[in-house]
Amino acid sequence: MNLNGQLEQIVFRCKGGDRSAFEELFELYQPRLKYYVRRLDGSAGADDLLQDIWLTVFKKIGKLKEPKAFNVWLYRIARNRVFTGFRRKERFISLPEENELPVSNSDESAFSADDAERLHAALGELKTHHKEVLTLSFIEQMPHQSIADVVGCKIGTVRSRIYYAKRSLRKEMERNNG
Amino acid sequence: MDNDKKLFENLLKADGLDPNGPNGSERNTFARLLDQQSKTNPTLSYAKLDVWRVIMNSKITKYAAAAIVLIALGLSITLFDKTITPAYAIEQTIKAYNSIRFLQVKQFKAKQDEPLEYWIKSDDLGNIEKARYYLPEHVSPEDGSKLITWTPEKAELFFKRKNAYLIFQSKKIEGMMQHFLQQSQPKLVMQKLLEDQKAGTVEMDTQTPQDKQKPITVTVTDKAKPRKTIYYINQATDLITSVETYEIKDGGDVLISTTEYYDYNVPIDDKMFTIADEIPEGVTVVDQLSRLIGIPQGDMTYEEAAVETIRQFFQALVDKDYNKAGLIFSGISEEKAKEMLGRLNVTKVISVGPATPYPLCGEHSFSVICQVELTDPDGKKRTRGFGGVKARCGDDEMHPDRWIIHGGI
């Protein structure tokens with residue numbers, strides 16, 4: 001069984017209330033979810049947010065119709081929770097939409113694994129909506145359509161955001177290198 | 001490993017996260033979440049929790065928190081002299097600890113330089129009387145390093161990074177501390193080991209070298225988990241000198257931690273069991289023991305009490321009554337309440353409620369929606385909504401039936 005198939009099995013068991021399945025899900029997702037939430041929230045902690053997110057997962061997973069949609073569903077919950085927090089803290093900034101560009105995948109330069117340290121540091125300097133799409137792309141290797149589903153925008157907008165985000169990231173990394 | 005996966009792992013590592021899974025603190029928190037959820041969701045079935053994975057939890061509130069530490073003493077080794085003959089019995093060690101009043105412990109985690117440190121004082125019956133713990137940052141990176149002292153009457157906790165000092169007592173925390181103490185006190189550990197052996201959950205191999213200078217080794221293999229613990233016991237005193245914990249892997253056993261026991265019966269100054277004198281100036285002191293914190297429940301229902309707690313808190317801010325606001329806000333001082341909350345300049349309570357259950361913070365905990373009016377320095381008034389301030393009842397805490405705000409606003 002491939003990874004997606006295994007995940008679907010775990011989610012299916014969660015829907016049936018299997019406690020050990022929830023533990024497996026937590027093992028699988030907590031670090032990457034934390035990375036995503038920290039990038040959006042801009043704080044080093046985020047434990048309270050993550051607890052709320054998992055609590056929502058417990059409560060609502062029974063209503064998730066398609067186990068294979070879990071990935072997108074989870075990140076949508078996380079995103080909503082983070083931005084609800086922003087509004088509470090009165091620092092929510094609505095996301096500006098860039099003009100959609102006809103950006104092809106081939107234009108999206110890749111980052112090597114050796115870049116990780118510098119990439120991580122540079123990510124912190126980007127705008128929130130740029131951090132978000134890149135994090136989903138790097139951490140989850142999420143397809144553009146899935147990112148669009150998480151973020152709630154058109155796939156073209158995701159493409160252009162990723163394009164601009166990577167451009168900003170490159171500049172930031174070059175700047176950090178002097 | 002393909003480049004994407006390596007990038008993923010390196011990014012997480014750069015953020016201090018372990019790509020292989022959550023840390024012990026997170027696992028513990030998650031287990032509590034599951035416990036809470038299973039109370040409200042009967043369909044959630046119980047799988048046996050792997051308590052040995054549960055290492056550490058704290059973080060209860062932003063300004064009031066408590067740490068719980070469960071140290072897993074476990075695991076194995078394969079090196080011992082096959083020519084030696086078994087003669088030692090664990091009961092000897094248990095008996096030897098009856099005369100131990102003072103003990104110091106250092107635990108070194110693999111790949112971490114700074115050890116966890118414990119100082120333990122026992123009474124004449126060998127029961128733990130006082131304890132002090134230093135937990136370095138790597139135990140719980142979210143909280144930073146922590147200093148804890150504990151007696152049955154009082155617990156003190158200092159979060160260096162959060163600049164917060166908490167004085168408290170609660171049955172819940174006491175229970176968790178007792179559990180931890182049972183894991184860190186050698187006598188109790190050995191008693192538990194005997195029970196496990198009788199129950200057949202572990203396999204035990206004891207070897208006593210003929211050379212009396214060499215320690216007795218008791219190798220304990222857990223039948224349910226890939227773990228081994230080796231206890232090194234001084235032949236002259238029957239006391240444990242160190243414990244090594246290993247995870248059993250195909251490629252060879254991997255050391256998880258080394259625990260060293262030393263300074264047996266070297267008296268520890270009583271000052272070590274309180275941290276009041278060591279707290280720097282300017283620290284946020286949350287004294288939940290000597291101050292009557294929160295508001296009384298009286299004849300109110302739990303929901304009504306939750307709403308009333310939040311209403312009275314914000315009204316106290318409107319009235320500039322920072323003493324009262326501080327008492328409701330987990331018990332911070334009047335001065336600190338003014339410093340932290342005064343700048344909000346709340347001028348009117350617009351609405352409070354409804355309250356919805358929030359079991360994560362305790363059995364009788366609620367999340368309360370509210371709206372207040374703030375006045376900016378330029379005199380401009382604006383409405384500020386709070387999406388869910390948490391209020392909870394003292395329940396098993398030192399002030400039962402009194403309600404406080406939990407976790408900040």
Side-chain angles (χ1 to χ4, degrees), chain A residues 13-36 38-39 43-48 50-55 57-59 62 81 84-85 87-90 110-121 123-124 134-135 137-141, chain B residues 1-23 25-27 29-38 40-50 53 58-59 61-62 140-143 358-360 367 382 384-388 390 407-409:
Chain A
R13 284 163 52 214
C14 286
K15 283 164 69 68
D18 182 342
R19 184 184 175 117
S20 64
F22 278 113
E23 290 178 328
E24 288 175 44
L25 211 53
F26 180 71
E27 290 286 325
L28 198 60
Y29 274 99
Q30 172 74 354
R32 56 179 75 178
L33 194 60
K34 193 169 191 175
Y35 190 89
Y36 172 72
R38 278 179 171 177
R39 300 288 79 69
S43 70
D47 270 4
D48 290 342
L50 284 156
Q51 285 181 32
D52 281 350
I53 291 163
W54 284 111
L55 204 57
V57 170
F58 296 151
K59 288 178 178 172
R81 181 61 191 86
T84 303
R87 281 190 283 273
R88 279 185 203 162
K89 292 181 220 170
E90 294 190 318
F111 290 89
S112 78
D114 297 332
D115 287 331
E117 283 276 353
R118 293 186 301 127
L119 196 59
H120 172 70
L123 261 177
L134 286 186
T135 304
S137 176
F138 290 147
I139 299 297
E140 284 297 331
Q141 280 96 52
Chain B
M1 185 186 296
D2 64 45
N3 190 66
D4 285 345
K5 190 178 178 194
K6 198 173 173 188
L7 177 64
F8 156 79
E9 291 187 351
N10 287 344
L11 272 174
L12 262 58
K13 283 176 186 170
D15 200 24
L17 301 170
D18 183 351
N20 297 316
N23 62 36
S25 166
E26 292 171 324
R27 287 193 179 113
T29 301
F30 187 75
R32 284 199 298 127
L33 268 178
L34 280 173
D35 288 342
Q36 292 286 359
Q37 197 56 24
S38 62
T40 55
N41 178 8
T43 63
L44 185 61
S45 59
Y46 273 96
K48 188 180 177 186
L49 267 183
D50 183 358
R53 291 188 324 189
S58 78
K59 190 165 187 83
T61 73
K62 194 181 295 177
S140 180
E142 307 295 345
D143 288 338
Y358 195 79
L360 189 61
S367 178
R382 60 197 172 94
R384 165 94 185 263
F386 290 87
K390 311 297 183 294
I409 58 172

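Side chains included, hydrogens not; waters and symmetry mates left out as well; all remaining heavy atoms used. The sequence lines fix the lettering, A, B, ..., with proteins before strands; numbering per chain opens at 1.
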Fill in the blank from the handout: Between A/Phe22 and B/Phe30, the two heavy atoms sitting closest are O-CZ, 3.4 Å

Handout entry: Shortest non-hydrogen contact between A/Glu27 and B/Pro22, atoms and distance
Key = OE1-CD, 3.4 Å

Problem - Residues in salt bridge (Lys or Arg N to Asp or Glu O under 4.0 Å) contact with A/Arg13, at least two apart in sequence or another chain - result: A/Asp18, A/Glu24

Practice task
Would you mind checking which part of B/Asp18 comes under 4.5 Å of any heavy atom in chain A, side chain (CB onward), backbone (N, CA, C, O), both or neither?
Solution key: backbone

Problem - Test: B/Asp15 and A/Lys34 ion pair at under 4.0 Å - result: no

Exercise for the section: Evaluate the side-chain proximity of B/Leu11 to A/Thr135: yes if any heavy-atom separation is below 4.5 Å, no if none is. Expected result: no

Practice task
Go through the steps for A/Arg38 and B/Leu17 under the test side-chain contact (heavy atoms from CB on, under 4.5 Å), then give the verdict.
Solution key: CA-CA 11 Å; A/Arg38 278 179 171 177; B/Leu17 301 170; 3.6 Å; yes

